[in-house]
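This report concerns only the one structure given below.
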Number of protein chains: 2
Amino acid sequence: MTATVSSVAGVSKSDATRNLIVQTALRLFRDNGYDKTTMRAIATEAGVSVGNAYYYFSSKEHLVQVFYDRIADLHRETVEPILASEPDFGERLRAVLLGWLEVATPYQEFGVQFFKNAADPASPLSPFSPESSPARDAAIGVFTEVVDGSDVKIAPDLRPELPRLLWLYHMGIVLFWVHDRSDGCTRTRLLVERTVPMIDKVVGLSRLRVLRPVTREAISLIQDLIPGVSR
Amino acid sequence: MTATVSSVAGVSKSDATRNLIVQTALRLFRDNGYDKTTMRAIATEAGVSVGNAYYYFSSKEHLVQVFYDRIADLHRETVEPILASEPDFGERLRAVLLGWLEVATPYQEFGVQFFKNAADPASPLSPFSPESSPARDAAIGVFTEVVDGSDVKIAPDLRPELPRLLWLYHMGIVLFWVHDRSDGCTRTRLLVERTVPMIDKVVGLSRLRVLRPVTREAISLIQDLIPGVSR
DNA sequence: GTCTATAGCAAGATAGAC
DNA sequence: GTCTATCTTGCTATAGAC
């Protein structure tokens with residue numbers, strides 16, 4: 001409520017410092033990797049004291065959250081035009097996944113940290129944690145758009161579950177990507193190019209009578225076991 | 001080659017110390033969890049110096065590998081009788097998965113560490129790393145037995161890939177288990193109980209003519225992308 | 001409320017003497 | 001093979017300047 005002169009201009013001193021620390025941290029993370037980037041180095045490089053860095057970010061991992069958000073925003077921007085124009089489900093899905101790879105790949109080495117957190121249920125930075133729920137909901141939201149804005153034919157009871165399933169599928173791709181050492185992540189791209197048509201096909205087949213029982217079981221299982229993941 | 005007197009007896013001094021450290025570490029890990037067990041504590045409790053502990057185990061994580069092997073051995077033993085007698089594919093699979101949960105659950109808290117390693121492609125402790133390949137091959141071997149000793153009807157070109165796929169499926173269940181905070185891991189057990197019949201069914205359906213193209217694509221994709229995982 | 005400087009702890013890891 | 005001493009780094013704490 002106490003707006004300073006600079007905050008009226010939109011950039012308080014606090015914001016500036018916070019930003020400076022973030023920029024420095026992301027740069028060092030990208031250049032030297034997460035582990036080799038010490039809090040001391042971030043502080044020194046940003047020209048602030050260690051104490052000050054901790055004043056803004058309660059832990060080194062906390063800086064990772066900023067990275068997530070940055071990527072998510074970039075992703076959304078990148079993908080928006082395609083989602084606004086393309087009606088084909090497979091194409092939409094493909095664009096969203098390849099778009100993610102595009103914005104994330106410069107930080108790939110750093111992405112390991114993401115899955116180290118993902119693996120730890122206790123970490124607030126895990127994509128499955130309650131603390132991550134806004135970021136997760138936003139991510140799932142993108143897949144909701146993928147489904148809703150498309151002309152996909154789909155078993156009606158599968159439809160509401162599909163965005164969450166696609167998000168899980170995306171998590172799987174990210175896991176693969178983290179391990180992908182191929183040039184320009186060719187292998188991950190290949191994985192996307194070849195699994196998207198399969199998903200597309202399977203989603204369509206979900207309406208087949210032979211598959212109804214399996215589909216139904218799968219849906220009820222998901223509803224029973226994973227409700228916590230998206231709420 | 002320089003066999004000492006004691007190594008002739010089968011237990012060199014080196015072996016004894018190594019063993020002492022391992023026993024102590026596993027006990028402390030189980031009782032206090034991985035994070036709360038310090039190398040100092042392990043060393044002190046074992047009556048050796050910290051430096052000596054590091055002489056045998058180059059890092060704290062290195063001690064985790066010992067834990068893996070222990071679990072794997074126990075699992076194999078537990079599951080052997082069922083694999084020797086039960087012919088039904090679904091039952092075999094179910095027994096192997098529930099058996100794993102049984103031996104692993106006392107160390108569940110500790111299991112987080114497993115997936116932190118799994119997430120890091122650079123870690124030799126990752127189940128996907130070349131260094132883990134013996135342990136991984138052994139694990140996949142169990143699933144080979146599950147398939148080979150059963151009466152399962154299956155598309156012939158899927159058969160050789162199935163053990164690796166089942167291992168991946170198992171990894172997925174382990175990931176779920178690590179996050180499972182329910183009493184006695186009821187939720188994970190439920191996941192097994194309900195996905196095993198689905199797998200069973202889908203494996204059978206793989207022979208259906210409608211599904212042949214999808215199956216074939218899936219198989220060729222796996223062969224193209226994941227060969228490194230099992231070699 | 002923002003920031004510096006500095007001291008210090010805990011714990012993983014290493015160096016070098018013996 | 002083993003130990004002692006030391007280093008590194010994430011993180012905390014405090015005291016004080018503006």
Side-chain angles (χ1 to χ4, degrees), chain A residues 1-9 11-25 28-29 32-67 110 112-113 116-117 120 122-125, chain B residues 1-7 11-22 24-25 28-29 32-66 110 112-113 116-117 120 122-125:
Chain A
M1 282 304 142
T2 39
T4 65
V5 178
S6 44
S7 76
V8 167
V11 186
S12 67
K13 188 178 183 191
S14 152
D15 281 348
T17 309
R18 175 181 233 97
N19 230 298
L20 180 62
I21 295 169
V22 167
Q23 299 299 341
T24 310
L28 293 179
F29 284 156
N32 310 326
Y34 180 82
D35 282 337
K36 278 188 226 155
T37 304
T38 68
M39 286 300 274
R40 284 169 173 83
I42 294 170
T44 307
E45 194 81 359
V48 301
S49 68
V50 180
N52 200 15
Y54 275 102
Y55 175 78
Y56 284 101
F57 301 94
S58 57
S59 74
K60 190 179 170 184
E61 288 199 335
H62 201 115
L63 281 162
V64 178
Q65 189 71 59
V66 181
F67 165 75
F110 182 71
V112 171
Q113 200 53 36
K116 284 203 169 171
N117 289 319
D120 185 355
S123 167
L125 293 178
Chain B
M1 281 304 143
T2 40
T4 66
V5 177
S6 45
S7 77
V11 186
S12 66
K13 187 179 180 190
S14 159
D15 280 349
T17 310
R18 174 181 235 98
N19 229 298
L20 181 62
I21 294 169
V22 167
T24 311
L28 293 180
F29 282 156
N32 311 325
Y34 180 81
D35 282 337
K36 277 188 229 158
T37 303
T38 69
M39 288 299 276
R40 281 168 176 79
I42 295 170
T44 307
E45 194 81 356
V48 300
S49 70
V50 181
N52 200 14
Y54 274 100
Y55 175 79
Y56 285 99
F57 300 94
S58 58
S59 74
K60 189 180 171 185
E61 291 197 334
H62 201 116
L63 281 163
V64 177
Q65 188 73 59
V66 182
F110 185 75
V112 171
Q113 202 53 35
K116 286 203 171 174
N117 288 319
D120 186 354
S123 167
L125 293 178

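All of these numbers come straight from a predicted model, not from anything done at the bench. In what follows, chains carry the letters A, B, and so on, assigned in the order in which the sequence lines appear, proteins first and then strands, with residues in each chain numbered from 1.
At whole-Å resolution of the value, OH in A:Y55 and P in C:dT2 are 4 Å apart. For B:N52 and C:dT14, the CG to C1' distance is 14 Å, given to the nearest whole Å. The nearest whole Å value for the distance from the NZ atom in A:K36 to the P atom in D:dT8 is 16 Å. The separation between B:M39 atom CE and C:dT14 atom P is 10 Å, rounded to whole Å. Distance, B:F57 CZ to C:dA11 P: 21 Å, rounded to whole Å. At whole-Å resolution of the value, CZ in A:R18 and P in C:dC3 are 10 Å apart. If you take NE2 of B:H62 and P of C:dA13, they are 12 Å apart, rounded to a whole angstrom. Distance B:I21 CD1 to D:dG1 P: 11 Å, rounded to the nearest Å.
Residues satisfying the side chain to side chain donor-acceptor pair (under 3.5 Å) test with A:Q23, not counting sequence neighbours, are A:N19. Taking the side chain to side chain donor-acceptor pair (under 3.5 Å) definition, one finds that A:T38 meets it with nothing, sequence neighbours left out. Residues passing the ring-ring contact (aromatic ring centres under 6.0 Å, His included) test with A:F67 are A:Y107, A:F110, sequence neighbours excluded. Under the side chain to side chain donor-acceptor pair (under 3.5 Å) criterion, B:N32 pairs with no residue at all, not counting sequence neighbours. For B:V22, the side chain to side chain contact (heavy atoms under 4.5 Å, CB included) test picks out B:L26, B:F57, B:V66, B:R70, with sequence neighbours left out.
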Below 3.5 Å, can you tabulate the donor-acceptor pairs from side chains in residues 41-52 of chain B to any protein atom, sequence neighbours excluded?
unit_1: B:T44; atom_1: OG1; unit_2: B:R40; atom_2: O; d: 2.7
unit_1: B:E45; atom_1: OE2; unit_2: B:R27; atom_2: NH2; d: 2.7
unit_1: B:S49; atom_1: OG; unit_2: B:N52; atom_2: N; d: 3.1

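Looking at heavy atoms from C-beta onward, B:Y55 lies out of side-chain contact with B:T17 at the 4.5 angstrom threshold.
Rounded to the nearest 0.5 Å, atoms CZ (A:F29) and OG1 (A:T24) are 10.5 Å apart.
At the phosphate of C:dT14, neither OP1 nor OP2 sits under 4.0 Å from any side-chain N or O atom of B:Y54. For C:dT2, neither phosphate oxygen OP1 nor OP2 lies less than 4.0 angstrom from any side-chain nitrogen or oxygen of A:K13. Residue B:T38 places none of its side-chain N or O atoms closer than 4.0 Å to OP1 or OP2 of C:dA10. Using a 4.0 Å cut-off, no side-chain N or O of A:S49 falls inside it from OP1 or OP2 of C:dA5.
Note on residues 48-63 of chain A: no pairs pass salt bridge (Lys or Arg N to Asp or Glu O under 4.0 Å), not counting sequence neighbours.
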Distances under 3.5 Å between nitrogen or oxygen atoms of protein and nucleotides 7-9 of chain C:
none

Taking only N/O atoms, report every protein-nucleotides 13-18 of chain D pair under 3.5 Å with atom names and distance.
none

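Checking A:S14 against B:S58, the closest nucleotide of DNA chain C that is more toward the 5' end is the one next to A:S14.
Nearest to the side chain of B:K60, among D:dT2, D:dC3, C:dG12, sits C:dG12.
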